Amino acid sequence: MDLVRNLFCSSIGRKLVMAVTGVVLIGFVAGHLVGNLQVFESPDRINGYAHFLQSLGPALWFARMFLLACVGLHIWAATVLTLESQGARGDEPYRVKRWISATFASRYMRGTGYVVLAFILYHLAHFTVGLAQPASFKENIAHYVMKGDYHVLGVTVTAAGTEVLDVRTMMIRGFGSPFVSIFYIVAVGLLSLHLLHGAESLFQTLGWRNRRWEGGLRAAVTLLCAAYFLGNLAIPGGVLLGVLR
Amino acid sequence: MSTTTFSVTVRVWRQPGPGQPGRFVEYPVGGVNPDMSFLEMLDVLNDGLTRSGDEPVAFAHDCREGICGTCSLVIDGKPHGPHHGVASCQTYMRSYKEGDVIVVEPFRARPFPVIKDLVTDRSAFDRIQQAGGFISARTGSAPEANSVPVPKEVADLAMDAAQCIGCGACVAACKNSSAMLFVAAKVSHLGLLPQGQPERDKRVLAMVSTMDGLGFGSCTNQYECSAACPKLISHDFIARMNRDYAKAVFRSAFRPVAAGAGD
Ligand code: FES
């Protein structure tokens with residue numbers, strides 16, 4: 001039981017929980033973006049892909065529960081650590097406070113975290129449950145009939161002729177609202193900022209950062225976060241500019 | 001040769017005793033020589049206060065040459081004053097000019113309660129040290145030199161960590177009042193050397209748990225600590241401690257239990 005206590009009830013243990021769940025969530029958001037970028041290809045691609053994910057059944061639910069657990073643990077660790085740290089200063093704050101080395105992104109992790117949480121909830125209500133924009137929700141619009149096969153690793157997972165939900169039209173109609181699109185763009189912008197500190201910070205927490213390659217690490221993380229933001233910007237941006245129809 | 005002196009105003013935290021309410025009091029200090037250290041400027045202030053029958057400002061100091069870690073002021077929002085890699089006692093008044101207003105506060109952290117004015121009780125660090133900052137190797141008589149070979153890079157790194165003077169500036173600078181730079185330095189300086197291996201896992205687990213128990217916060221990887229450290233201890237040691245801790249957690253959980261062990 002020492003293992004559980006050391007991981008969940010100590011400062012470094014909780015930081016490790018935060019870092020490891022962070023790795024999982026970064027993996028998820030990156031994969032999610034790559035999957036969604038298929039919207040720029042023929043409707044067969046993104047609709048076949050969405051149908052394939054839906055058809056996974058129990059595996060899909062397992063993945064969802066796992067991600068939910070990671071989000072929960074990530075938020076739990078952040079909350080507990082923050083409350084403890086706030087209590088550690090004592091009753092008298094500093095009169096003068098100066099930052100010396102903390103990066104911009106690192107100072108706003110709590111704020112960007114709140115926005116990301118609100119965004120996840122909205123995003124689920126929007127494209128998973130259909131509460132946000134019911135008129136254009138995938139279950140309420142005409143189905144799509146696959147023109148060709150959709151393959152994953154050379155295996156056909158959604159065959160031509162299958163009637164599938166028209167996810168592509170749902171996305172395009174959803175992002176047709178400038179309010180929704182701008183909210184998405186701002187939210188993924190702040191998520192990218194959150195990752196800018198988080199993705200670098202996790203290397204320190206796991207003990208894999210040092211002076212020898214911190215410059216390279218920071219450059220790589222910055223580049224990936226910029227790419228992540230641009231990729232996410234492309235979808236609502238493409239709809240707003242009329243490139244994606 | 002005469003040096004021109006100047007005047008500054010110091011805004012100092014005054015607190016009569018532990019747990020009592022405190023406040024900032026402003027004092028003009030005249031006759032400041034640029035070659036004075038910051039602490040000598042406070043001596044001049046106290047000299048004046050004593051002469052006029054007032055209570056001098058209590059501040060901690062000992063060696064006044066940057067090696068003991070006793071001086072502990074937060075000067076204009078930065079522990080140990082404006083410069084990089086020096087303690088308050090090595091901060092010189094040539095860094096200031098006529099008319100400057102300087103805010104001087106004690107190190108702020110719940111585990112470092114204020115005793116009086118600018119003096120804080122930092123014995124929390126001693127308790128962390130007592131939890132694991134030692135080795136059990138026999139130290140009877142001096143052993144034959146080089147009987148335990150230590151590679152040069154390892155010795156250098158251990159020396160870097162051992163530079164820590166335990167002043168607490170890392171805690172004072174951290175927005176979370178985290179002691180992780182201090183603990184990392186202590187864990188690493190012994191954990192890097194062959195003599196420190198037997199207790200390596202026990203040491204990191206015990207020191208971290210004592211640190212947590214004393215109410216220090218935890219690191220958010222913003223590295224204010226190493227930037228404020230008068231000995232420039234690198235936050236690379238925190239990464240090393242994190243890794244050491246993770247390994248120790250798993251190793252200690254899966255180690256076989258001796259027959260005689262109570263649990
Ligand atoms: S008085 Fe000893 S380090 Fe400053």
Side-chain angles (χ1 to χ4, degrees), chain A residues 1-20 77-78 80-107 109-110 197-198 200-214 217, chain B residues 11 13 15 22 24 74-78 84 103 105-106 108-114 171-180 204-205 208-209 211-212 215-228 234-236 238-250 252-254:
Chain A
M1 280 296 82
D2 274 0
L3 181 69
V4 177
R5 208 192 53 227
N6 285 333
L7 283 181
F8 291 89
C9 304
S10 78
S11 53
I12 299 184
R14 288 168 179 162
K15 277 166 58 62
L16 291 168
V17 169
M18 188 111 132
V20 171
V80 180
L81 289 171
T82 304
L83 290 177
E84 277 175 3
S85 294
Q86 284 174 346
R89 178 97 298 151
D91 302 320
E92 198 65 46
Y94 283 117
R95 174 66 60 93
V96 184
K97 178 62 203 145
R98 234 175 76 193
W99 288 106
I100 320 172
S101 65
T103 59
F104 179 81
S106 76
R107 296 179 208 172
M109 289 304 273
R110 193 142 60 92
H197 177 67
E200 187 189 332
S201 190
L202 71 89
F203 282 85
Q204 168 80 359
T205 301
L206 296 173
W208 299 332
R209 191 210 60 86
N210 65 28
R211 214 176 50 201
R212 205 166 297 132
W213 70 294
E214 71 180 342
L217 174 67
Chain B
R11 196 174 288 159
W13 178 259
Q15 180 175 334
F24 281 93
V74 175
I75 304 170
D76 286 332
K78 186 182 164 290
H84 197 54
V103 181
E105 303 175 72
R108 298 272 186 215
R110 195 176 288 284
F112 289 169
V114 173
V171 176
C174 175
K175 84 174 206 296
N176 309 311
S177 309
S178 167
M180 286 194 186
V204 66
L205 293 173
V208 168
S209 121
M211 167 185 85
D212 291 348
F216 289 101
S218 52
C219 180
T220 40
N221 304 342
Q222 293 171 299
Y223 317 135
E224 297 280 302
C225 51
S226 51
S234 164
H235 49 268
D236 287 10
I238 301 183
R240 190 183 175 281
M241 170 177 70
N242 292 339
R243 199 175 57 227
D244 240 27
Y245 185 84
K247 282 192 212 155
V249 163
F250 286 98
S252 63
F254 297 111

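These numbers were taken from a predicted model, which means no experiment stands behind them. Every chain is numbered from 1 and lettered A, B, ... according to where its sequence line falls, protein lines coming before strand lines.
Counting only heavy atoms from C-beta outward, the side chains of B:Q222 and A:M109 never approach each other to under 4.5 Å. By the 4.5 Å heavy-atom criterion applied to side chains, A:S11 and B:V208 are counted as neighbours. With contacts defined as side-chain heavy-atom distances shorter than 4.5 Å, the pair A:T82/A:R110 qualifies. Two residues are said to be in side-chain contact when any heavy atoms from C-beta on lie closer than 4.5 Å; B:L205 and B:S252 meet this criterion. By the 4.5 Å heavy-atom criterion applied to side chains, B:F250 and A:L7 are counted as neighbours.
Ranked by heavy-atom pairs under 4.5 Å with chain A, the first of B:M241, B:R11, B:M180, B:M211 is B:M180. Most heavy-atom pairs under 4.5 Å with chain A, from the set B:C174, B:C219, B:S226: that is B:C219. Ranked by non-hydrogen atom pairs under 4.5 Å with chain B, the options A:A102, A:S101, A:S201, A:G90 are led by A:S101. Between chain A and the options B:A227, B:G217, B:S177, heavy-atom pairs under 4.5 Å are most frequent for B:S177. The candidate from B:F24, B:W13, B:F254 with the greatest count of non-hydrogen atom pairs under 4.5 Å with chain A is B:F24.
If you check the side chains of A:T205 and B:N221, you find a donor sitting under 3.5 Å from an acceptor.
Heavy-atom distances place both the backbone and the side chain of B:Y223 under 4.5 Å from chain A. Only the side chain of B:E105 comes within contact range of chain A, judged by heavy atoms closer than 4.5 Å. In this structure, the portions of B:A239 lying under 4.5 Å from any heavy atom of chain A include both its backbone and its side chain. For B:C225, no part lies under 4.5 angstrom from a heavy atom of chain A. Residue contact with chain A, scored on non-hydrogen atoms closer than 4.5 Å, involves the backbone of B:T220 exclusively. Heavy atoms closer than 4.5 Å to chain A are found nowhere in B:A248, neither backbone nor side chain. Heavy atoms closer than 4.5 Å to chain A are found in the side chain of B:V74, but not in its backbone. Only the backbone of A:L206 comes within less than 4.5 Å of a heavy atom of chain B; no side-chain atom from C-beta onward does. For B:P113, no part lies under 4.5 angstrom from a heavy atom of chain A.
Legend: residues meeting side-chain contact (heavy atoms from CB on, under 4.5 Å) with A:W213, ordered by chain and number and at least two apart, are A:F203, A:N210, A:L217.
Applying the salt bridge (Lys or Arg N to Asp or Glu O under 4.0 Å) rule to pairs touching residues 84-99 of chain A yields A:R14-A:E84, A:D91-B:R110, sequence neighbours excluded.
No donor-acceptor pair closer than 3.5 Å links the side chain of B:D212 to the backbone N or O of A:S10.
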